[in-house]
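One structure below.
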2 protein chains.
Amino acid sequence: MSLYSPRLTRLIDALRRLPGVGPKSAQRMAFHLLDRDRDAARLLATALDDALSGIARCPDCRMFKEDDECRYCGPARRQSGQLCVVEGPADLVAIEQGTPFRGRYFVLMGRLSPLDGMGPDELGLPRLAETLGEGDVQELIIATNPTVEGEATAYYLAEMAKSRGIRVTRIAHGVPMGGELEYVDGGTLSHALSGRQPV
Amino acid sequence: MSLYSPRLTRLIDALRRLPGVGPKSAQRMAFHLLDRDRDAARLLATALDDALSGIARCPDCRMFKEDDECRYCGPARRQSGQLCVVEGPADLVAIEQGTPFRGRYFVLMGRLSPLDGMGPDELGLPRLAETLGEGDVQELIIATNPTVEGEATAYYLAEMAKSRGIRVTRIAHGVPMGGELEYVDGGTLSHALSGRQPV
Ligand SMILES: [Zn+2]
Ligand SMILES: [Zn+2]
């Protein structure tokens, strides 16, 4: 006889696939949902279904998108002439929330990491190359994290833009080395952005 | 314009209702599910639906139950003459997994805590009183946590059983004071169970 009944086992197993959730937490979550907060369980099931059916990637910036128009790729943003490259959606949100930047973005959904199978194709760099070739981008702002892989990615991106004669900047390292961009407060991020240096 | 699009906002909000999940973790989970593991999102949505529709409480032991027959309330367990009272489902599972005990259980789904509105009715004690009145229980084993509220609950339970002439034992405190039963290893738990003392 297995430890839990089948449905409970499946629920605990499914919760374990959430990042940062181990076996004990998953069990605790399952019991909490079943025992104390069935409304939350219902909400979560519905939210997951809605998200799966209604959230896609913008083909241009690769951010999540659920409306016809991407909220980060409109004409006003294009006119800014600036395109900011970030590693993940949380970084984009951190910049939008904490700084006055309102240019375009490109979300890598990762960073160059050959050992993990993350190469230029996986990061959508062919699409970024197309965008850079369209002539609207006057400045590529690189906001990858200041980690070893983030720096390698930044170097690669800088070469891509320079070869097309586009100005390249890197946000200033007010962000502590080894830190994660998404955990930095808006003031520091604003400072880092305005203190950006040509690469 | 809100920080996230509506569906994404709803997903993040729903994930935040899981115990131990703050805003940053919820965001990270949502991005992970959407970006890297849509299968996990689908599995979780289905598992939640199945659990909500198929898992109920056993009216006798108050444990989660999804089959017609409760796996903890069969005739063999009744014949043991032992009934072990625990605070939560995880405690029941810890005892089943870590010890040879195969008697009946009663899951309080909490502990006496008047300030939190947890009184005898909320813990199902009227149902426990019925069970104790049926004559099958020769020993009530109290396995509430060794916390202040757990001890108060134990005292209350002991009085209930003693007034009916039923032997009452408390599992030995190999469990460290202030600790949580569900985090103790099976060996310690077995020891605590076999070293139980009359109350
Ligand atoms: Zn876009
Ligand atoms: Zn039962």
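Source: prediction; values computed, not measured.
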Quick one: are Leu11(B) and Ile55(A) in side-chain contact, heavy atoms under 4.5 Å? no

Using the rule that Ile, Leu, Val, Met, Phe, Trp and Tyr join whenever any side-chain heavy atoms are under 4.5 Å apart, tell me whether Leu125(B) and Tyr155(B) fall into a single cluster. no

Do you know the tightest heavy-atom contact between Ala45(A) and Asp49(B)? CB-OD1, 3.5 Å

Under a 4.5 Å side-chain heavy-atom rule over Ile, Leu, Val, Met, Phe, Trp and Tyr, are Ile141(B) and Val93(B) clustered together? yes

As an exercise: rank Leu34(B), Leu43(B), Asp37(B) by heavy-atom pairs under 4.5 Å with chain A and give me the winner. Leu34(B)

Here the pair of heavy atoms bringing Arg17(A) nearest to Ala40(B) is NE-CB, 3.6 Å

Tell me the closest heavy-atom pair linking Arg10(A) and Ala47(B), and the distance in Å. O-CB, 3.9 Å

Calculate, to the nearest 0.5 Å, the distance between atoms CG and CG belonging to Leu44(B) and Leu44(A) respectively. 5.0 Å

Would you find more than 12 non-hydrogen atoms of other residues, nucleotides or ligands less than 6.0 Å from Glu134(B) atom CD? yes

Side-chain contact, heavy-atom cut-off 4.5 Å: Arg38(A) with Leu52(B)? yes

Hydrophobic clusters here meaning ILVMFWY residues chained together by side-chain heavy-atom distances under 4.5 Å, can you tell me if Met118(A) and Ile142(A) are in one? yes

Arg7(B) (side chain) donor-acceptor with Asp50(A) (main chain) under 3.5 angstrom: yes

Before accepting this row, confirm whether a basic side-chain N of the pair Asp35(A)/Arg57(B) lies closer than 4.0 Å to the acidic partner's carboxylate O. yes

Check each atom of Phe31(B) against the heavy atoms of chain A and say whether the ones under 4.5 Å are side chain, backbone, both or neither. both

Report the option among Ala51(A), Ala41(A), Gly110(A) that has the most heavy-atom pairs separated by less than 4.5 Å from atoms of chain B. Ala41(A)

Below 4.5 Å, heavy-atom pairs only: which of Arg16(B), Gln97(B), Gln27(B), Met29(B) has the largest tally toward chain A? Met29(B)

Is the shortest side-chain heavy-atom distance between Leu18(A) and His32(B) below 4.5 Å? no

With chain A, which of Glu66(B), Arg42(B), Met109(B) has the greatest number of heavy-atom pairs at distances under 4.5 Å? Glu66(B)

Is there side-chain contact between Lys65(A) and Ser5(B), with at least one heavy-atom pair below 4.5 Å? no

Where on Leu33(A) is there a heavy atom nearer than 4.5 Å to chain B: the side chain, the backbone, both, or neither? side chain

